Amino acid sequence: AFPKRKRRSSLPRLTLFLPPAAMVLTLLHAASAGHLYPPRSAMAMALKAQSQPAQFFVQKLDHFAANDSRSFEQKYYVDDSHYRPPHGPVFLYISGEAPLYGAPSGAGSIIGELAALHGAAVFAVEHRYYGDSLPFTLLDLPNLAYLNSGQALLDLVAFRGFAAAQLAQRHGYDDAAGGGPWVAFGGSYAGALATWLRLKYPHLITGALASSAVVRAVESYTDFDLHLGRTVGHECASALRAANLAVDARLAKSPKASATVKASFDAAALSDGDLRLLLADAHAMAVQYGYKEMVCGPMVAARRAGHDLVSALANFTTSFFYPTLEQGGSREYDAAYLAVEQIDPAMTGRQWRYQQCSEVGWFQNAPAKDAVRSPKLDASYQRAACARIFGRGVWPNVSAVNAHYGGAAPKVTNVFFSHGGEDPWQHAGVVSDLGPTARARVAACDGCSHCVDLREVRADDPPELSRMREEISAHVASWLHL
């Protein structure tokens with residue numbers, strides 16, 4: 001059982017005043033249990049430096065072509081220190097659009113605590129085309145054709161068979177006679193994969209925890225910005241809105257003014273639209289990952305003091321966003337850079353943008369009213385950016401995706417959908433019960449945002465989050481004892 005928690009309020013504010021090394025350790029402490037962090041963040045780099053020993057599985061490249069024998073090595077991790085063979089359960093942690101550096105099974109992880117409680121083995125699998133699981137070094141359109149959710153799900157199906165046999169061999173029992181139930185865990189896009197794995201292969205996966213799972217493909221996801229505005233509150237939203245409008249005005253004023261404002265964000269090479277996307281992500285990611293005070297504190301202070309809001313936003317972007325959440329800097333937002341087909345293993349932007357442009361959408365466009373981000377960040381920009389990066393004709397058919405998987409109402413059983421109340425992604429997920437064994441909960445608490453339940457279990461967690469974790473624990477127990 002998970003003990004009752006109380007709210008921590010000082011971590012985001014204090015982090016601003018820590019030296020860089022201490023800041024990384026503070027953020028790493030918060031992120032390490034769930035391995036849920038921006039792929040080029042300080043937390044990611046710290047975890048990479050202390051990554052666990054990896055193993056590799058020979059994975060088929062094209063599961064839909066029986067005569068295609070091409071393969072690649074897919075990275076995975078295993079922790080069977082709690083495993084009780086031969087009938088102990090297996091927890092499958094699904095990684096999403098980022099490199100994977102270990103199995104989130106240690107102390108302080110909800111997966112680790114459940115594994116210890118139930119005697120489960122934990123496997124964690126890296127998503128194809130990310131990290132070290134690269135089928136190609138050239139990511140042109142023909143080679144990117146195998147990067148989609150359908151192939152990713154069949155990767156997991158193939159891996160399940162391999163891992164079950166490996167587990168039996170390691171612990172000396174007959175695979176045909178032994179082996180317990182499998183439960184999938186995933187957050188965000190990987191939470192959707194966990195849901196869809198249970199949906200499409202219920203004979204292989206007994207249940208799934210879908211944390212902040214974005215199961216509904218959306219072409220123009222304006223609810224993201226609207227929710228962000230409500231989460232940060234009127235004063236912060238007004239300051240951010242005014243800063244973004246002021247940036248737009250300077251971009252339009254003259255070539256010199258445009259160059260000056262771009263330089264202030266260390267983004268001289270970006271187009272106007274790419275800069276707007278960068279600025280939207282800079283404040284949105286702070287909110288998404290539970291650090292809204294980091295952006296709201298300085299922006300509100302600048303507004304009250306009558307200081308230049310563009311300078312305040314630029315200072316936040318360069319002093320916090322880049323070193324802490326996006327160490328790739330402005331380059332990750334440059335469509336010209338993302339159009340380069342030769343892969344840079346340290347970057348993931350081209351791969352994820354391809355998944356957006358070709359399948360799932362989730363373009364965080366400005367709503368028609370009350371937008372926090374620039375109103376010029378719209379569908380026409382997104383379509384033009386996809387064309388600049390991949391060529392014309394690459395655009396998602398979200399209706400087909402939702403018809404295939406069920407959108408916001410997938411016909412699933414034994415899935416628990418969890419969300420943080422401040423998470424702007426919840427509008428692409430399931431927030432109400434779909435049935436007696438397909439439950440949904442939203443932890444409405446300060447700082448409870450994206451994949452909050454998979455993050456480190458702490459003594460000062462909000463009571464709402466602790467209660468949601470208790471409910472997750474009960475559901476996992478019920479799945480394992482069917």
Side-chain angles (χ1 to χ4, degrees), residues 97 129 139-150 188-189 192 214-228 241 244-245 247-248 251-252 258 262 265 267 269-285 288 326 328 330-341 347-405 407-408 424-425 427-428:
E97 67 282 14
Y129 286 77
L139 294 183
D140 57 7
L141 280 182
N143 287 345
L144 282 169
Y146 309 99
L147 175 55
N148 55 66
S149 62
S188 194
Y189 162 62
V214 281
V215 294
R216 180 172 67 95
V218 186
E219 186 174 301
S220 184
Y221 188 40
T222 55
D223 283 330
F224 186 100
D225 191 80
L226 291 170
H227 190 96
L228 184 142
R241 182 180 298 115
N244 284 315
L245 291 174
V247 169
D248 281 346
L251 291 173
S258 176
K262 289 178 181 179
F265 290 96
L270 267 57
S271 70
D272 292 358
D274 293 346
L275 177 65
R276 294 182 183 108
L277 181 60
L278 162 62
L279 301 189
D281 261 13
H283 53 71
M285 286 175 65
Q288 178 175 323
E326 180 51 89
S330 63
R331 184 172 65 167
E332 274 301 302
Y333 293 86
D334 184 355
Y337 169 72
L338 295 177
V340 175
E341 297 174 345
M347 301 299 180
T348 60
R350 180 170 171 83
Q351 297 97 299
W352 180 239
R353 191 69 74 90
Y354 176 77
Q355 290 192 260
Q356 286 188 282
C357 292
S358 65
E359 185 177 19
V360 294
W362 297 324
F363 299 115
Q364 300 153 47
N365 296 331
K369 185 179 179 182
D370 297 327
V372 175
R373 62 193 56 212
S374 167
K376 295 181 182 295
L377 197 55
D378 56 15
S380 62
Y381 161 75
Q382 303 287 6
R383 190 179 287 273
C386 287
R388 287 171 62 202
I389 298 169
F390 303 109
R392 295 191 180 279
V394 179
W395 192 250
N397 184 347
V398 297
S399 297
V401 173
N402 291 328
H404 184 65
Y405 293 121
W425 286 108
H427 305 283

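Keep in mind the model is a prediction, meaning the values are calculated, not measured. Heads up: numbering here begins at 1 and tracks the sequence. Just so you know, these numbers use all the heavy atoms, side chains as well, and skip hydrogens, waters and symmetry mates.
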Residues in side chain to side chain donor-acceptor pair (under 3.5 Å) with [X], at least two apart?
X: Gln355; value: Tyr130, Tyr189
X: Asp140; value: Asn143
X: Asp225; value: Arg373

Just so I know, are the side chains of [X] and [Y] near enough to count as touching, which here means a heavy-atom distance under 4.5 Å?
X: Phe390; Y: Leu144; value: yes
X: Val372; Y: His283; value: yes
X: Leu139; Y: Gln351; value: yes
X: Gln288; Y: Phe224; value: yes

Drop me the distance from [X]'s [atom1] to [Y]'s [atom2], to the nearest 0.5 angstrom.
X: Leu251; Y: Lys262; atom1: CG; atom2: NZ; value: 6.0 Å
X: Trp425; Y: Arg216; atom1: CH2; atom2: CZ; value: 11.0 Å
X: Tyr405; Y: Ser149; atom1: OH; atom2: OG; value: 3.0 Å
X: Tyr381; Y: Arg388; atom1: OH; atom2: CZ; value: 6.5 Å
X: Asp272; Y: Leu277; atom1: CG; atom2: CG; value: 13.0 Å
X: Ser374; Y: Asp248; atom1: OG; atom2: CG; value: 3.5 Å

Across all chains, not counting sequence neighbours, the salt bridge (charged side-chain N to carboxylate O under 4.0 Å, His left out) partners of Arg383 are none
So the side-chain hydrogen bond (donor to acceptor under 3.5 Å, both in side chains) pairs with at least one residue in residues 360-372 (sequence neighbours excluded) are Ser220-Asn365, Asn365-Gln382
Quick note, side-chain hydrogen bond (donor to acceptor under 3.5 Å, both in side chains) partners involving residues 392-404, not counting sequence neighbours, are Glu219-Trp395
